[in-house]
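Data block below; observations after.
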Amino acid sequence: MAHQELLQPPGTRVVELDIQGMTCASCVNRVEKKLGKLEGVAASVNLPLESAHVTAPEGITDDQLVATVNAAGYTATVRTPPAPSDTGGPEAGGTDHHMAHGGTATQLRPRLILAAILTVPVFLVSMVPAFQFPHWGWAAGALALPVVTWAAWPFHRAAAVNARHLASTMDTLVSIGVTAAYLFSVWQLAADPRMTEHPGMEGMDAGGLYFEVAAVVTTFLLLGRYLEANAKQKAGNALKALISLGAKDAAVLREGLEQRVPADRLQVGDVLVVRPGEKIATDGVVLDGSSAVDASLVTGESVPVEVGPGSKVTGATINTSGRLLVRATRVGAESTLAQMARLVSQAQTGKAPIARLADRISAVFVPVVLAIAAATFLLWLFIAEPDGTDSGLRAAFTAAVAVLVIACPCALGLATPVGLLTGTGRGAQLGILIKGPQVLEDTRTVDTILLDKTGTVTTGVLAVESAVAFGGFDRQQVLRLAGAVESASEHPVARAIATAAKEVVPARPGGAADDDGRLPAVDGFRSAPGGGVTGTVEGLLVLAGRTGWLRDNGVEPSPGQLEALAEAEAAGATAVWLAVDGVPAGIVSLRDTVKEGSPVAVKRLKDLGLRPILLTGDNPAVAAQVAAAVGIPAADVYAGVLPEGKVEAVRRLQAAGATVAMAGDGVNDAAALAQADLGIAMGSGTDVAIEAADLTVMGNDLAQVAQAIELSRRTLATIKTNLFWAFFYNAVGIPVAALGLLNPMIAGAAMAASSVLVVANSLRLRSFGK
């Protein structure tokens with residue numbers, strides 16, 4: 001399963017590094033290789049985030065990791081882990097370093113402005129005879145000098161650092177190309193000072209002077225990098241917005257007094273006062289009050305959710321109407337918002353399998369390009385037929401410089417990470433969490449999706465329809481005992497029975513505050529997922545669950561009782577047995593409703609090429625009614641399936657050649673989610689289900705499952721498009737330049753444009769779902 005690759009091996013720890021100085025895919029490959037040489041260390045480096053996700057043995061220190069990266073010619077720092085009470089800061093889900101390129105853009109701006117101001121006159125005086133004057137070549141050289149030195153310094157510095165470590169990157173190509181063009185021009189001018197003695201000399205044929213090439217290439221590359229930095233910042237804005245959703249402070253009741261405290265100082269158990277219009281500061285349970293909560297910022301669902309006493313609420317959601325008292329259950333790094341941000345950050349730091357080809361190519365790309373440039377120069381120098389004393393040298397030099405400039409692999413290094421960054425960021429805004437890059441590959445091949453019925457296709461909000469008593473028991477006793485034992489379970493059926501029991505059983509004086517004493521306590525509680533529950537209530541051994549669960553515990557219903565069960569199930573109800581001290585005591589019938597958007601969602605899944613299959617532990621009659629309501633054929637309904645049966649269903653489909661996705665929300669779905677090729681957890685589900693899944697939709701709408709698969713496929717398609725154009729660009733550009741058909745200035749503009757094009761193509765994902 002995809003997410004299993006992300007699991008941390010025993011005896012290791014994860015270190016997040018921020019790395020400055022990387023500029024291309026070659027840099028990424030180099031850092032990963034250097035870190036990988038440390039025994040037991042594995043690293044995934046992300047270029048646009050300027051970060052590395054490192055798994056290292058306990059014996060490898062942070063200082064060793066930092067020193068290894070620094071020795072490679074870059075600057076690394078260990079990212080500070082979040083404080084235990086931190087809820088709203090950037091560290092809650094990763095770092096604010098995603099925005100580092102905003103600082104880079106700020107640093108590049110003055111260099112770009114100077115380069116642009118000086119390049120315009122250099123270009124005009126070199127290329128347009130009307131702007132020339134006596135000895136204009138010296139003026140062009142003087143104006144170009146600040147451009148190729150100070151403005152181009154980021155390229156020269158990176159090239160020098162890499163050269164000291166016997167390595168090369170795209171900056172090496174740029175630095176060599178720009179420096180060669182300038183020095184060659186100075187040499188030509190010094191050798192023949194009369195070259196530009198009069199206006200019109202040199203002119204459009206560019207002769208032996210390439211000052212305008214050096215200046216224009218530098219300016220174009222700076223512009224491209226500046227636009228990249230701004231675009232990459234926009235790509236990361238979704239995660240920054242997610243991280244900033246949390247409330248900054250909260251009103252807390254302490255010793256009967258209300259006081260406002262910073263959100264990062266909240267503790268589990270604190271009682272929060274949330275007024276209409278305020279954000280709920282952290283995850284919790286409503287103690288008092290009723291309201292509608294707008295969870296759209298977290299779940300992506302636009303319809304507010306009604307909450308009351310006992311309802312779970314999520315931090316960063318907005319209370320729209322009534323006053324609520326909320327007891328905090330999760331704070332800081334454990335809150336849902338922090339976990340969402342952490343998942344998104346980890347996914348963005350990861351590397352899709354499709355990116356490995358780019359990594360392998362980038363490892364040898366720059367040395368190969370340098371060799372091609374050298375070969376181009378020599379071939380043009382010795383094979384071309386010069387028509388003058390030095391025209392062969394000029395042609396050779398022009399072609400070689402064009403090869404160096406056109407080949408810079410910026411687009412190759414940005415193709416995958418920027419697409420992933422934008423796609424996962426947009427997903428977070430829609431309440432869709434993608435655990436890792438491998439998930440994108442998995443969604444492409446999935447052709448079958450198993451849908452758990454309760455809580456996924458249906459509302460999961462079951463209501464008790466009726467109760468039948470046997471022997472000496474009455475309806476109220478059946479509900480009271482069933483409610484008592486089921487109150488210890490989190491299953492939707494159990495919650496519905498417990499709720500109904502509290503409504504029909506009168507309160508007893510002196511009862512506990514949480515249930516008014518309506519339901520007696522249960523001891524020795526035990527649960528069998530998909531089977532039932534058992535426990536001791538008031539000295540009686542109480543069992544509640546399926547027919548098989550009763551028989552497993554030695555309880556055998558009579559034929560008349562089995563007939564009553566069959567009638568309830570035939571009517572489309574979910575029927576639960578109750579047995580007391582080994583004797584059947586009654587049947588509780590419940591009914592669920594199909595979610596409003598489920599039929600449309602099932603159709604959308606079919607449109608995506610998926611075969612939806614309804615999978616449920618419920619009886620066949622109920623399953624058939626639900627399937628018919630949402631448009632699933634009767635042949636694609638698996639009913640009466642236990643948790644281990646769900647796993648077996650997944651395996652059976654996989655053995656038949658299907659690539660299986662599984663959508664579920666409960667503990668009893670976790671094993672099947674883990675077995676499936678793609679596990680999708682509904683956000684309203686349990687932590688176990690969410691942990692076992694590859695994709696999590698924070699909302700409770702099946703339509704989000706279809707949207708999650710569509711977004712993942714769209715993101716993968718965008719990455720593939722980026723890689724195609726990056727490869728195509730270099731595959732075509734280098735031969736054209738080597739043949740002398742490409743002016744270095746045009747090559748510089750094309751190279752800068754290719755990087756911006758890749759980023760701009762990725763940014764189109766920001767409009768997904770709008």
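Only a predicted model underlies this, so the values are computations on that prediction, with no experimental measurement involved.
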Item to check | Spacing of CD1 belonging to Ile432 relative to CD belonging to Glu710, to within rounding of 0.5 Å | outcome: 9.5 Å

Checklist outcome for this item: Heavy atoms of Ala496 and Ala463 approach each other most closely as CB-N, 4.3 Å

Item to check | Glu486 (side chain) donor-acceptor with Ala498 (main chain) under 3.5 angstrom | outcome: no

Item to check | side-chain contact (heavy atoms from CB on, under 4.5 Å) between Leu253 and Val273, worked out | outcome: CA-CA 7 Å; Leu253 283 179; Val273 180; 3.6 Å; yes

Item to check | Gap between atom CD1 of Ile497 and atom CG of Leu519 - 0.5 Å precision | outcome: 11.5 Å

Item to check | Asp62: partners by salt bridge (charged side-chain N to carboxylate O under 4.0 Å, His left out), with sequence neighbours left out | outcome: Arg13

Checklist outcome for this item: Across all chains, not counting sequence neighbours, the side chain to side chain contact (heavy atoms under 4.5 Å, CB included) partners of Ala292 are Pro304, Glu306, Thr320, Ser321

Checklist entry - Can you tell me how far OG1 of Thr75 sits from CD of Glu50, rounded to the nearest 0.5 angstrom? => result 10.5 Å

Next on the checklist: Quick check: closest heavy atoms across Val331 and Ala328, and the distance to 0.1 Å?
Outcome noted: CG1-CB, 4.2 Å

Item to check | Short side-chain to backbone donor-acceptor contact, Thr282 and Arg330, under 3.5 Å | outcome: yes

Next on the checklist: Between Asp288 and Leu324, is there a side-chain heavy-atom distance shorter than 4.5 Å?
Outcome noted: no

Item to check | side chain to side chain donor-acceptor pair (under 3.5 Å) partners of Ser487, counting only residues at least two apart | outcome: none

Checklist entry - Which heavy atom of His53 sits nearest a heavy atom of Val14, and at what distance? => result CE1-CG1, 3.2 Å

Checklist entry - Taking only residues two or more places apart in sequence or in another chain, which ones pass side chain to side chain contact (heavy atoms under 4.5 Å, CB included) with Val261? => result Val252, Arg254, Gln259, Leu266

Checklist entry - Are the side chain of Lys595 and the backbone of Thr456 linked by a donor-acceptor contact shorter than 3.5 Å? => result yes

Checklist entry - Can you find a heavy atom in the side chain of Val439 that is under 4.5 Å from one in the side chain of Leu678? => result yes

Item to check | With sequence neighbours excluded, residues passing side chain to side chain contact (heavy atoms under 4.5 Å, CB included) with Thr329 | outcome: Asp283, Val285, Arg327

Checklist entry - With Thr499, which residues qualify under side chain to side chain contact (heavy atoms under 4.5 Å, CB included), at least two apart? => result Glu503

Next on the checklist: Side chains of Leu287 and Val326, heavy atoms from C-beta outward: is any pair under 4.5 Å?
Outcome noted: no

Checklist entry - Of the non-hydrogen atoms in Pro520 and Ala484, which two are nearest, and what is the gap between them? => result O-CB, 3.5 Å

Checklist entry - If you round to the nearest 0.5 Å, how far is CG of Leu711 from CG of Leu765? => result 7.0 Å

Item to check | Derivation and outcome, side-chain contact (heavy atoms from CB on, under 4.5 Å), residues Arg526 and Val533 | outcome: CA-CA 6 Å; Arg526 183 164 58 93; Val533 296; over 6 Å; no

Item to check | Ser712 and Ile434, any side-chain heavy atoms less than 4.5 Å apart | outcome: yes

Next on the checklist: Is the shortest side-chain heavy-atom distance between Ile60 and Leu65 below 4.5 Å?
Outcome noted: yes

Checklist entry - Taking all atoms of both residues into account, what is the closest heavy-atom pair of Met662 and Ala676, and its distance? => result CB-CB, 3.7 Å

Item to check | Within-4.5 Å side-chain heavy-atom neighbours: Thr536 and Val522 | outcome: no

Checklist outcome for this item: For Gln707, the side chain to side chain donor-acceptor pair (under 3.5 Å) test, sequence neighbours excluded, returns none

Checklist entry - Is there a side-chain contact between Leu702 and Leu451 (heavy atoms, below 4.5 Å)? => result yes

Next on the checklist: Would Val66 and Thr77 count as a side-chain contact (heavy atoms from CB on, under 4.5 Å) here? Give the steps.
Outcome noted: CA-CA 6 Å; Val66 170; Thr77 55; 6.0 Å; no

Item to check | Partner set under side chain to side chain donor-acceptor pair (under 3.5 Å) for Arg275, not counting sequence neighbours | outcome: Glu258

Checklist entry - Do Phe768 and Thr715 touch side chain to side chain, with heavy atoms closer than 4.5 Å? => result no

Item to check | All salt bridge (charged side-chain N to carboxylate O under 4.0 Å, His left out) counterparts of Asp249, not counting sequence neighbours | outcome: Arg260

Item to check | Partners passing side chain to side chain donor-acceptor pair (under 3.5 Å) against Ser290 (at least two apart in sequence or in another chain) | outcome: none

Checklist entry - Hey, does the side chain of Thr696 reach the backbone of Leu433 with a donor-acceptor pair shorter than 3.5 angstrom? => result no

Next on the checklist: Just verifying a value: how many Å separate Glu278 CD and Ile318 CD1, rounded to the nearest 0.5 Å?
Outcome noted: 11.0 Å

Checklist outcome for this item: Minimal heavy-atom distance between Leu38 and Gln64, with the atoms involved, is CD1-O, 4.3 Å

Next on the checklist: Let me confirm one number: the CD1-CD distance from Ile19 to Glu16, rounded to the nearest 0.5 Å.
Outcome noted: 10.5 Å

Checklist entry - Where the side chain of Asp452 meets the backbone of Ala663, is there a donor-acceptor pair that is under 3.5 Å apart? => result no

Item to check | Step-by-step side-chain contact (heavy atoms from CB on, under 4.5 Å) determination, Val31 to Met22 | outcome: CA-CA 9 Å; Val31 172; Met22 298 187 299; 4.1 Å; yes

